[in-house]
Amino acid sequence: MDEISALAKRRGFIFQSSEIYGGIGGFFDYGPLGAILKRNVKNAWWREMVELRDDVVAFDSAIIMHPSTWIASGHVAAFHDKMVDCKNCKHRFRADHLPSLEKCPDCGMRETLTEPRDFNLMMQTSIGPMEDSASRTYLRPETAQGIFVNFKNIYQSARKKPPFGIAQIGKSFRNEITPGNFTFRTREFEQAELEYFVPNDGKDLACYEEWVAARKKWYSDYGVREERLRFYELQPEERPHYAKAGTDVEYLFPWGWGELESIAHRGTYDLDAHMALSGKDLTYFDEATKTKYTPILIESSAGMDRTTLTMLVDAYQVEAITDAESGKESSRTVLRFHPKIAPIQAGVFPLARNKPELVERARAIERGLRPHARTLYDEGNVGQLYRRQDEIGTPFCIMIDYQTLDDGSVTVRHRDSMLQDRVDAAQLREFLGERI
Ligand code: GAP
């Protein structure tokens, strides 16, 4: 993980937030390449979950909601972690992360830990100039509640009838007691949530299974290694009382298995809770049968920062290579991103930076490809150019050399095999189109 976070900083994927002031725990910034990578991950989710379906509509709600939302949702009463403090070193821990409550894991002292106390994970804020209890509310700890309270607005305006879903990607905030493992557990993060509403006609569990299968396919389509991914089915005692089924999607990180997503059958719990507190009707009225019912909810809730981190960890490889000509052994660091999510899909370079005719041709080829792929022009030492592109996960490198000036062909070097093809420059758009 240290190697990956060092690479992430060196190449501009992820930086500690406010680094010049010493950083701030649980917050991260995405650099020029990281911002593209994360956007690609979000786009890949959005494409599959919204654009390619006719039964899911888009949504984008405010981060700050009426404080009653969080009473109805149960977050005010129950969104707690147990924490303990060390009276000696003053460090704070999540009780469920400690092997025992006997001895502080940081300073090693015995019997210095306090009794576990409840700590609410919602981040408080206040609205307007008066900081009193009336102005207090929270930054949302999940995006889902914005969907639930708008259920009626959405189905009426979009003219949708269950089964149908509402999808949203947005920031959420949790005052985690112990953020850590790089961007895995942070205090500000992005969620991609799909809330799928189904009629109460006995097909709800089958629908839940379909979503589990759809999400499996998504991770597989983007190349996440099968052996490092597992779908853990929650046992009845691990699920909330109202949930008929639940699956955690987990990835094997260098420190162990970590949850990327939770898929849950939530019954009618959420809509019921908002109806009870608001007194407003959030049922669905079926014009055809003239009946009113509360739809059952199937939820898929994925963390976009965790998924981005997964793509980075899963792609990372250090491999030994032998130079074909000299036989010299060396190692190369490579990020084997799926071409669809790689920040740069094709790098274009002139063989020599001091030959204007090569530079001009390379720039023209890169400009021509730019509307069709995420491209980058660079120049310099060939070995270093390839090394840099390997480290940022660029699947194709296009070299413009003297032969290009003669016959219009270029060299395309493949990131994974390091093999090279000779391709007609006029065919490059098609060549890349078939592969990205
Ligand atoms: N609406 C359901 C919900 O929020 P969750 O299991 O609490 O469910 C869903 O969160 C996903 O959000 C998690 O699987 C994880 O990917 C992401 N997530 C939750 N807390 C996080 C944190 N502190 N840092 C980064 N991602 C987090």
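Read the numbers this way: they start at 1 and go in the same order the structure lists the ligands and their atoms. Here the structure is a predicted model, which is why all the values come from computation and not from measurement.
Using a 4.0 Å heavy-atom criterion, the residues that approach ligand 1 are E142, A144, R174, E176, F184, R185, T186, F189, Q191, E193, E259, L260, E261, S262, E299, S301, G303, R306.
Take L98 and apply the side-chain contact (heavy atoms from CB on, under 4.5 Å) test, not counting sequence neighbours, and it matches V84, F93, L101, P105, L113. Residues forming a ring pair (Phe, Tyr, Trp, His ring centres under 6.0 Å) with F151 (at least two apart in sequence, or on another chain): Y155, F197.
Ring pair H75/F79 is perpendicular by interplanar angle, where above 60° counts as perpendicular and below 30° as parallel.
For H414 and F396, the ring centers are positioned less than 6.0 Å apart.
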#### Entry: Verdict with reasoning, T310 to D314, per side-chain hydrogen bond (donor to acceptor under 3.5 Å, both in side chains)
CA-CA 6 Å; T310 297; D314 206 54; over 6 Å; no
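Sorted by first and then second residue, the salt bridge (charged side-chain N to carboxylate O under 4.0 Å, His left out) pairs involving residues 25-41 (not counting sequence neighbours) are K38-E190, K38-D305.
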